[in-house]
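Structure record follows, encoded as structure tokens.
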Amino acid sequence: MSYRKDSDSVELGECTRNPGYKDADGDGPAARDNISVSDSEEKRDSIGVKRLSDARDEYTQIKPYAGMPKEVLVLYSSKARYRVPREILFWLTVCCTLALVAVTIAVIALSPKCLSWWQASPVYQIYPRSFKDSDGDGVGDLKGIKEKLDHFEYLNIKSIWISPFYRSPMKDFGYDVEDFRDIDPLFGTMKDFEELLATMHSKGLRLIMDFIPNHTSDRHRWFNLSRTRDPHYEDYYVWTDCKPDGPKPNNWVSIFGNSSWTYDEVRGQCYLHQFLKEQPDLNFRNPDVINEMIDIIHFWLDKGVDGFRMDAVKHMLEAPHMRDEPQVDPNKPPELVTTEWDLHSDYTTSQVGLHDILREFRAQMDIYSQEPGRYRFMVIESYDYEEVYKTMMYYGTKLEKEGDFPFNFYLLDLPQNTSGVWAKHLVHLWMGNMPKGKWPNWVVGNHDRTRISSSAGQLYVRAINMLLLTLPGTATTYYGEEIGMENINVTASQIQDPAGKYNTSASRDPQRSPLQWNANMNAGFNDKTNLTWLPLHPDYETVNVEAQMKDDGSVLAQYRFLNTLRQSELPLNRGWFCYVHDDANVFSYIRELDGLKRAFLIVVNFGKESAITDLSSVRELPDELKVLMSTNKANDGKVLPKSRIQTEVGEGLVIQYSTNTRFNPNHPEECYISEKACYLETIGILYKCQ
């Protein structure tokens, strides 16, 4: 259109093209024209109105345009060709949203429970006197632990159990507690503890404390009030009548030897102590004592502690009748009955009512576990030896939970008979008796037992670590096991352990020597003075953390690799465990997960000679197997026929293979799983399955 001074023609042209156009106030361009209109202009105006009226009749054939006012938009939006697609999109969005919500609910409902922090990581035990000394007094402390937290990040360990650091006279190195709500100055202050805990949590680490319910120190305020017969505290301990120079109330014997009764001159009665005479037993038949211990649990949980190891729980209750316990050898003269092994502990351990108390402790911890992401863990210590059924009771029942697991000490007996058959026997002792659906655990060392590297021999250290980290469940590592530390030799004059002072052969000092950090002064344990509370092992210049971090074939490097593999591979951290083979030398098992092609075969030689294992009868295995890791680094990556899997003495193999055929469906009697789950490879998720 050519521009003319007569703008009306232009306006009429525009109206013809977009006859529905109006301003927001309803007036067209002509309405905004304030120029005086002549008669001729009015005539042209009437012609324009007519043309506009005609254009409105044709309006339905005009397409929408940019910048149209709402009235035009509403007119178009009501038309079917625009309304129908819009409604389709709306309902499609609603359906997709509902479908997404349904899928999310289904995934949540079908997904197995995520592993908790105490299941996903090994538990590392720190003996605080021996971990790291920060102030140069020769004894490890809380600040020293804080200095070395990077060690756990390097090992990919998240759960740390610290042995007692309560205020204590140290007659039993902290297991004789003078004040449950205070830190012994030897280890630091409450501020040091709070800073340690805060730093641990900032690094994603969890702290497990030792809780010692059975007894206190004889310097505890409760005991001093009880011996003076304070009305409230009179029955806080187990007292009975006796004479200072007369016979003991019965034949009960202390864990450390000799009678478990000691006469107290202040009260004029005997008190019970199943451990040292400086560790009087609390009376858990008194409800006030239970409430006191619950208050202590609350105190530390309020501080932010993540869990407790319940110490020596089987001794918490005694038979109220206090009869003599039966002798193992009825013909042995009573005066020669001086050790716990001389008696059947029928009246001093595992009494009726014990599990009720522990379940109450558990219930209190569960209250704190309601905080999102802050599950409070409870592990129970109880040496029940061949009476494994007693240990299994600490798991609780289907209706009432107790411990997350009781410590499994059976692998401590591995050195008694180094063979594949014996290794399987010890593993099956737990797996074959564990209640269905429960979580297993494995211990090969602690502060009370000889280091496994000394009892079994250095030759087997790597294989034992492999066993520990590839079995199902939670592994517990005693400080120093990750580098293969051995016991030290302690002379009579160097003995610190109270048990060793009573019987030198029973000393626990050899397995408590300072951790060997490097080849410097005092192995890096104390770099300020030349003091250590126990001697160092002479091999610290070569067997230490720093040296092994630089050697990718070291015990430390292999421990780290296996722990990382365990946490990253579903078959290892939550899959099936199936026995495959055992003989005089080799113990072998499979770890697999339903729906996942990738699986692992573990072959460990615990025998006294090299062996060739023939697994050709195991049709679920492929004919050729590739070694992912060997404790002998030279064998990493080797391809072996399944009919000739060769291992040397003390060698362990982790073999990764791929198969569509699972082992567990065809051998259900040889396989175990805590909570069954399947893997859907197409979308990479776990789901519950039958």
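Worth saying up front: this structure is predicted, and the values here are computed from it rather than measured.
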Legend entry - Phe180 backbone acceptor or donor facing Trp300 side chain under 3.5 Å: yes
Legend entry - Test: Asp404 and Arg362 ion pair at under 4.0 Å: yes
Legend entry - Salt bridge Arg206-Asp306, side-chain N to carboxylate O under 4.0 Å: yes
Inset, instruction - Give a yes/no verdict on a cation-pi contact between Lys148 and Trp517, requiring under 6.0 Å between NZ or CZ and the six-membered ring centre and an angle within 45° of the axis. - result: yes
Legend entry - Over all atoms of both residues, closest heavy-atom pair of Met392 and Pro435: SD-CD, 3.9 Å
Inset, instruction - Please confirm whether Trp161 and Tyr127 have ring centers closer than 6.0 angstrom. - result: no
Legend entry - Ring centroid separation Phe377 to Trp117 under 6.0 Å: yes
Inset, instruction - Establish, yes or no, whether the cationic atom of Arg451 lies under 6.0 Å from the six-membered ring centre of Tyr479 and within 45° of the ring axis. - result: yes
Inset, instruction - Without swapping roles, check the side chain of Gln494 against the backbone of Thr491 for a donor-acceptor pair under 3.5 Å. - result: yes
Legend entry - Separation of Ser674 OG from Lys436 NZ (nearest 0.5 Å): 11.5 Å
Legend entry - Cation over ring face, Arg227 and Tyr271, 6.0 Å, 45°: no
Inset, instruction - May I ask you to decide if Met316's main-chain N or O and Gln351's side chain share a donor-acceptor pair within less than 3.5 Å? - result: no
Inset, instruction - From the options Lys171, Arg129, Arg508, select the one residue that forms a salt bridge (Lys or Arg N to Asp or Glu O under 4.0 Å) with Asp497. - result: Arg508
Inset, instruction - Decide ring-ring contact (aromatic ring centres under 6.0 Å, His included) for Phe211 and Phe308; before the verdict, give the C-alpha distance in whole Å, the side-chain angles of both, and the deciding distance to 0.1 Å. - result: CA-CA 6 Å; Phe211 186 69; Phe308 292 107; 5.5 Å; yes
Inset, instruction - May I ask you to say whether Arg376 pairs ionically with Glu371, meaning some side-chain N is under 4.0 Å from a carboxylate O? - result: yes
Inset, instruction - Run the numbers on Asp137 and Leu531 for side chain to side chain contact (heavy atoms under 4.5 Å, CB included), then give the verdict. - result: CA-CA 6 Å; Asp137 65 355; Leu531 294 174; 5.7 Å; no
Inset, instruction - Measure from NZ or CZ of Arg267 to the centre of the six-membered ring of Trp239 and say whether it is under 6.0 Å with the direction within 45° of the ring axis. - result: yes
Inset, instruction - Mark yes or no for whether Ser260, through its side chain, and Gln274, through its backbone, hold a donor-acceptor pair below 3.5 Å. - result: no
Inset, instruction - Check His273, Lys277, Gln279, Glu278 against Phe275 for a side chain to side chain contact (heavy atoms under 4.5 Å, CB included) and give me the one that passes. - result: Gln279
